[in-house]
Amino acid sequence: MPEKNKEKQMQQDKYIIYGSEYSPFSVKVRSYLRYKNIDHEWRPRTQDNFDEFQALAKLPLIPLVQCPDGTVLQDSTPIIEKLEERHPDKPIIPDSPEMAFISSMLEEYADEWGNKPMFHYRWWRDEDQIAVSKGLADNIAPNAVEEDRQKLADQLRKRMVPRLSFVGSSEQNKDLIERSLKEALLLLEKHLDGRAFVLGGHPTLADFGLFCQLYGCTQQPTTLEIMTAFPNILDWINRMLDPKAEGELEPWERLQSTLQPFIVSQVRELYLPWATANAQALKAEEHSFSVTLKGSRFTQDPMKYTARSLHALKGKFARLEQRSRLEQILLETDCLAFIVAESW
Ligand SMILES: N[C@@H](CCC(=O)N[C@@H](CS)C(=O)NCC(=O)O)C(=O)O
């Protein structure tokens with residue numbers, strides 16, 4: 001077989017993931033593929049392969065996974081859930097229904113709220129805008145001459161800064177978003193003391209969702225500086241870039257003393273009231289909504305995707321046959337009323 005065809009043939013035997021080192025959701029799926037030992041090629045989306053990417057993409061978003069049979073998958077949560085069905089070894093969804101739900105709820109919080117501080121710090125201050133746009137341009141145009149790369153960095157910075165409002169980053173919301181990251185780091189640092197992964201000895205969906213947003217924070221000068229005070233989190237991020245199982249998961253009773261404060265602070269007091277208000281605003285066809293979170297007024301334009309994914313999370317709860325243990329945990333963390341409420 002000619003060398004070129006052999007190469008093509010080999011490519012068809014594995015998954016191809018189009019992504020970027022600067023895209024938390026792409027890094028999340030790449031870590032998952034690495035953990036599962038699923039044969040794959042990480043293909044950074046660059047100027048050179050942009051047409052190839054566009055021909056495959058239904059949405060203009062990364063990550064995009066092309067399966068060996070040619071099927072294209074997008075959106076990190078369904079990508080992982082689909083691959084989990086096809087590759088059941090080393091499951092990342094806990095066996096126990098209550099911990100499976102907690103893991104999904106933490107992932108949902110990370111995708112929808114945890115992304116806010118990452119994105120806000122990325123594009124708020126000059127120093128971070130300059131560093132990240134340069135890093136992005138280096139990734140997108142690795143073969144361009146320096147002058148063209150600088151031009152691209154300037155264009156990216158100009159394009160991305162106005163997108164801050166998409167995640168609700170504004171003068172009014174800035175303090176709450178920044179405080180939310182610092183509180184999350186303090187609580188997670190304690191939880192990861194002497195613990196390899198969020199739910200115990202191996203990674204679950206919660207780790208993949210949480211770590212990638214915080215990995216993004218290590219690429220930005222302001223958040224990198226903040227994160228140097230959290231060595232357990234930095235070690236865990238390093239582990240999560242190429243995770244290996246180290247042991248069994250722990251039951252809620254063993255996790256509770258440090259995981260419950262994290263869930264209350266981040267899921268109960270931020271993600272759930274915000275996502276619920278977001279869904280209600282969409283239902284009422286409002287163009288903007290406000291909600292009080294941790295005593296601060298937070299205003300944002302509603303996001304359809306967040307309403308759909310909150311609905312999907314609630315569906316996971318509603319479909320559970322045995323949920324008395326989970327109900328008890330959700331009562332203890334004060335999340336239950338939000339999970340059972342009609343919102344859509
Ligand atoms: N819900 C999606 C979100 C994906 C997403 O927002 N991707 C960003 C990068 S992290 C993106 O592609 N933005 C547009 C671009 O980079 O062209 C997922 O989980 O995959």
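Excluded from the calculations below are hydrogen atoms, water molecules and symmetry mates; all remaining heavy atoms, backbone and side chain alike, are included. In this text the structure is predicted, and so the values were computed from the model without any measurement.
- Residues Thr71 and Val65 have side chains not in contact (no heavy-atom distance under 4.5 Å, counting atoms from C-beta outward).
- A salt bridge between Arg179 and Glu269 is absent, with no side-chain N of the basic residue lying under 4.0 Å from a carboxylate O of the acidic one.
- A distance below 6.0 Å separates the ring centres of Trp113 and Phe298.
- With respect to the salt-bridge test (charged N to carboxylate O, under 4.0 angstrom), the residues Arg195 and Asp193 do not qualify.
- Comment: Lys28 engages Asp111 in a salt bridge, judged by a side-chain N to carboxylate O separation of less than 4.0 angstrom.
- Arg125 and Glu127 are not joined by a salt bridge, as no carboxylate oxygen comes within less than 4.0 angstrom of a charged side-chain nitrogen.
- With salt bridges taken as basic N to acidic carboxylate O contacts below 4.0 Å, one links Glu146 and Arg149.
- For Arg268 and Asp334, the salt-bridge test passes: some basic side-chain N is under 4.0 Å from an acidic carboxylate O.
- Taking a cutoff of 4.0 Å between a charged side-chain nitrogen and a carboxylate oxygen, Asp126 and Arg157 qualify as a salt bridge.
- Between the side chains of Gln129 and Lys158, no donor-acceptor pair of N or O atoms lies under 3.5 Å.
- Glu178 and His120 share a donor-acceptor pair across their side chains, judged by distance under 3.5 Å alone.
- Lys190 NZ: 12 or fewer foreign heavy atoms inside a 6.0 Å radius.
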